[in-house]
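The basis for the numbers below is simple: all heavy atoms, side chains too, and nothing from hydrogens, waters or symmetry mates. Bear in mind that the values here come from a model prediction, so they are computed numbers and not experimental data.
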Amino acid sequence: MITKFLPLLLLVFMSFTPKAERNAVSSSFLNTESENLSTKIEIIYNSLNANKFSLPQINCFTKAMIGFYNLKEKGVILKDILTVIDFSMSSTKKRLWVIDLSTNTILYNTLVSHGMNSGVEYATNFSNTQSSNKSSLGFYATGETYNGKHGLSLKLDGLERGINHNARARAVVMHGAAYSNPSIIKSQGYLGRSQGCPAIPEAFKKEIIKVIKNKSCLFIFHPTKTYEIASRIVS
């Protein structure tokens, strides 16, 4: 209960405090808030019910959770479902996680394709540009479903201007694809690639899309400094 009044108490206190001291107090308060959030996220990470799946990397999960909290507070996303894609990993690895944050349970962990011009086995290049055939990093809100050339598909709205805001215009959606099935890895040594869509194995598309559709949070991660500098959600 007390924590709810901390910002108000800080404002009253700072109104009677010299400027230099106000700056120091403000900085200290923000650092404390950040430390509290980091501790909260670490506790959640350590208490995740892996459900026999592997866990995402802690740095990837932390950024995903920071963005999730920011977007949930603003009402941009409505569900306690978080989808995390880690494009720092090989496409031969299961690098997509769907997490139910209401129960701290990993629901799915599967393969996911990146754009054909983002790389071969590893995704290293990203773009928000039309016809680039590259993946875009950052935070998305899941939209509505439709039936297209890949069957049941899920529209995505990029939430970061200059990073992924062209997702809908580019027709970057989640869908199932034969080239995202595990058998492709055996034949060519890496997963098949898309035109920029996070394509998943056909066997899981209906289940996953049903769970994450309609305003849940999806985060595509890569530890590139360019994204960290440009993002206003995790910076």
Side-chain angles (χ1 to χ4, degrees), residues 45 48 50-64 82-99 106-140 142 147-156 158 163-164 166-167 170-212 218-228:
Y45 182 81
L48 281 175
N51 213 7
K52 297 183 180 179
F53 297 123
S54 64
L55 294 179
Q57 298 181 76
I58 183 63
N59 60 330
C60 170
F61 181 78
T62 298
K63 290 187 184 301
L82 174 64
T83 303
V84 180
I85 296 174
D86 186 352
F87 275 161
S88 72
M89 297 173 64
S90 164
S91 66
T92 64
K93 305 298 182 184
K94 294 180 179 180
R95 53 185 181 168
L96 178 150
W97 291 262
V98 177
I99 305 169
I106 297 178
L107 303 178
Y108 301 97
N109 176 210
T110 189
L111 299 167
V112 59
S113 293
H114 56 252
M116 62 181 68
N117 288 336
S118 282
V120 183
E121 179 182 344
Y122 288 87
T124 56
N125 293 288
F126 308 96
S127 176
N128 187 41
T129 305
Q130 289 276 14
S131 304
S132 65
N133 289 339
K134 293 182 180 181
S135 298
S136 299
L137 300 177
F139 287 90
Y140 298 77
T142 61
N147 281 289
K149 66 178 182 179
H150 293 288
L152 181 66
S153 303
L154 177 65
K155 292 190 177 182
L156 302 173
I163 299 173
N164 63 18
N166 284 327
R170 293 178 60 204
V172 172
V173 302
M174 178 175 284
H175 61 77
Y179 58 73
S180 299
N181 292 334
S183 58
I184 299 297
I185 298 173
K186 295 179 181 179
S187 64
Q188 66 181 24
Y190 55 88
L191 197 63
R193 295 164 294 164
S194 69
Q195 292 181 313
C197 297
I200 58 178
E202 289 279 2
F204 298 109
K205 74 175 182 182
K206 290 183 179 179
E207 295 177 47
I208 290 177
I209 288 175
K210 181 180 178 180
V211 170
I212 73 173
L218 184 149
F219 176 56
I220 300 180
F221 170 81
H222 189 277
T224 172
K225 292 297 181 183
T226 305
Y227 171 73
E228 290 191 19

**Report entry** pair Val172-Ser136: side-chain heavy atoms closer than 4.5 Å
**Finding:** no
Requested in this report: Might you work through the side-chain contact (heavy atoms from CB on, under 4.5 Å) test for Thr226 and Leu137, ending with a clear yes or no?
Outcome: CA-CA 10 Å; Thr226 305; Leu137 300 177; over 6 Å; no
Query raised in the report: Is there a side-chain contact between Tyr140 and Thr83, using heavy atoms and a 4.5 Å cut-off?
Result: no
Query raised in the report: Does Lys134 have any salt bridge (charged side-chain N to carboxylate O under 4.0 Å, His left out) partners at least two apart in sequence or in another chain, and if so, which?
Result: none
Requested in this report: Search all heavy atoms of Gly192 against all heavy atoms of Ser113 and return the closest pair with its distance.
Outcome: O-OG, 2.7 Å
Report task. Output every pair passing side-chain hydrogen bond (donor to acceptor under 3.5 Å, both in side chains) with a member in residues 191-204, not counting sequence neighbours, ordered by first then second residue. Result -> Glu202-Lys205
**Report entry** Spatial distance of atom OG (Ser183) from atom CG (Leu191) [nearest 0.5 Å]
**Finding:** 9.5 Å
Report summary line: Output for pair (Ser180 OG, Leu96 CG), nearest 0.5 Å, gives 10.5 Å
Query raised in the report: Regarding Asn109 and Ser54, is there a side-chain donor-to-acceptor distance under 3.5 Å anywhere?
Result: yes
Requested in this report: Could you name each residue pair satisfying ring pair (Phe, Tyr, Trp, His ring centres under 6.0 Å) that touches residues 108-128, not counting sequence neighbours?
Outcome: Phe87-His114, Phe126-His222
Report task. Enter the distance from Thr110:OG1 to Trp97:CH2 here, rounded to the nearest 0.5 Å. Result -> 10.5 Å
**Report entry** Heavy-atom check, side chain of Thr142 versus side chain of Leu156, under 4.5 Å
**Finding:** yes
Report summary line: All heavy atoms of Ala64 vs all of Phe139, minimum pair found to be O-CE2, 3.6 Å
Query raised in the report: If you look at every heavy atom in Leu154 and Val173, which pair is closest and at what distance?
Result: O-CB, 3.1 Å
Query raised in the report: Can you find a pair of side-chain heavy atoms, one from Ile163 and one from Asn128, that are under 4.5 Å apart?
Result: no
**Report entry** Non-hydrogen atoms of Ser132 and Arg170 that approach each other most closely
**Finding:** OG-NH2, 3.2 Å
Query raised in the report: Do His150 and Cys197 touch side chain to side chain, with heavy atoms closer than 4.5 Å?
Result: no
Query - OG on Ser91 to CD on Gln188, rounded to 0.5 Å - result: 8.0 Å
**Report entry** Geometric class of the Tyr45/Phe61 ring pair [parallel <30°, tilted 30-60°, perpendicular >60°]
**Finding:** tilted
Query raised in the report: Any side-chain heavy-atom pair from Ile200 and Met174 closer than 4.5 angstrom?
Result: yes
Query - Within-4.5 Å side-chain heavy-atom neighbours: Ile106 and Leu55 - result: yes
Query raised in the report: How are the rings of His175 and Tyr179 set to each other: parallel, tilted or perpendicular (split at 30° and 60°)?
Result: perpendicular
Requested in this report: Any chance you could measure Ser88, atom OG, to Phe221, atom CZ, to the nearest 0.5 Å?
Outcome: 5.5 Å
Query - Heavy-atom donor-acceptor pair, Ser135 side chain to Gly115 backbone, under 3.5 Å - result: yes
Report task. Looking only at non-hydrogen atoms, find the nearest pair between Ser187 and Ile184 and report the distance. Result -> OG-O, 2.9 Å
Report task. Kindly indicate whether the side chain of Asn164, heavy atoms from C-beta on, has any atom under 4.5 Å from the side chain of Ile220. Result -> no
Query raised in the report: NZ of Lys63 to CD of Glu228: how many Å apart, nearest 0.5 Å?
Result: 4.0 Å
